[in-house]
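Below is one structure, written out as structure tokens, with a few remarks after it.
Just so you know, these numbers come straight off a predicted model, no measurement behind them.
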Amino acid sequence: PAGFGRHSIPLAQAGYRVTAVDRSQVQLDEGRRRAGEGEWPRWVRADFRELSFENESFDAVLCLFSSLGYRGEAGDRQMLTGFLRVLRPGGALVIETMHRDRLMAIFQERGWEPLEGDAIVAEGRRFDYAAGEIETEHILLADGERRSFTYKMRVYTATDLVRMLDDVGYGPVECFGDYEGAELTRETRLVIRARKLGR
């Protein structure tokens with residue numbers, strides 16, 4: 001889920017051949033605009049639960065910044081299975097996300113952020129601790145109008161994700177507190193590296 005290329009563009013500028021996938025054409029168009037005329041990244045509109053790429057066509061798959069949980073556990077298993085299919089043997093899946101233990105420590109029911117002009121975006125949140133699910137209402141106040149939408153997101157523990165990756169068929173799964181390999185704690189976000197077994 002590449003969005004507007006926040007990670008894809010710097011990786012391409014660093015020399016990697018990046019395929020940026022998102023189901024939002026608006027996000028992909030903005031990413032293409034920001035990236036300019038270079039060959040990479042390549043922008044592909046797709047639902048990442050149903051990737052059309054050939055088997056074993058990527059050295060790595062990156063799923064960064066809370067991109068799991070929006071389609072429930074069944075949807076996430078389908079996505080992780082698809083990622084495994086397109087990875088070459090020995091390739092790595094890297095996930096970076098909020099984990100439930102961290103969210104429980106910092107959870108706030110309300111928040112707001114000023115935007116350009118006099119616009120404000122406010123959030124109201126409800127956390128179901130037993131289900132590990134957060135429901136968020138976004139409210140945009142701009143130009144004298146109020147618009148809102150609500151979504152739910154499953155927030156997994158590290159244990160949940162390691163078990164899911166193992167069930168789907170990944171090899172060694174490692175958990176860290178950042179990209180440099182720090183220890184995972186309640187004070188850190190979660191970085192997972194999982195390998196596809198094979199030659």
Keeping the roles fixed (side chain from R88, backbone from S57), state whether a donor-acceptor pair exists under 3.5 Å. yes
Would the distance check show the side chain of Y170 and the main-chain N or O of V162 forming a donor-acceptor pair, the cut-off being under 3.5 Å? no
Less than 4.5 Å apart, side chain to side chain, heavy atoms only: is that true for E183 and F176? no
Does Y179 have any ring-ring contact (aromatic ring centres under 6.0 Å, His included) partners at least two apart in sequence or in another chain, and if so, which? none
Using modelled atom types only, decide if a donor and an acceptor are shared between the side chain of D178 and the backbone of A182 within a distance under 3.5 Å. yes
Atom CZ of R125: over 12 foreign heavy atoms under 6.0 Å: yes
Got more than 12 heavy atoms from elsewhere within 6.0 Å of CG, N55? yes
Are side-chain heavy atoms of L80 and L93 found at a separation under 4.5 Å? yes
Just wondering, do D167 and R77 contact through their side chains at under 4.5 Å, heavy atoms? yes
CE-CD distance between M153 and E135, expressed to the nearest 0.5 angstrom: 14.0 Å
Under the 3.5 angstrom rule, does the side chain of K196 hit a backbone N or O of L87 as a donor-acceptor pair? yes
Could you check if a side-chain atom of I139 sits within less than 4.5 angstrom of a side-chain atom of E123, using non-hydrogen atoms only? no
Please report whether the ring centroid of Y151 lies less than 6.0 Å from that of H138. yes
Are R100 and Y129 packed together at the side-chain level, in the sense that at least one heavy-atom pair is separated by less than 4.5 angstrom? no
Euclidean distance, E137 CD relative to T150 OG1, rounded to 0.5 Å: 4.5 Å
R49 and D76: salt bridge (Lys or Arg N to Asp or Glu O under 4.0 Å), yes or no, with the steps? CA-CA 8 Å; R49 292 171 295 173; D76 289 334; over 6 Å; no
With sequence neighbours left out, which residue pairs that include part of residues 11-31 fulfil the salt bridge (charged side-chain N to carboxylate O under 4.0 Å, His left out) condition? D29-R32, E30-R33, E30-R34
Which heavy atom of I9 sits nearest to which heavy atom of G31, and what is that distance? CD1-O, 3.7 Å
Are any non-hydrogen side-chain atoms of T157 and R163 less than 4.5 angstrom apart? no
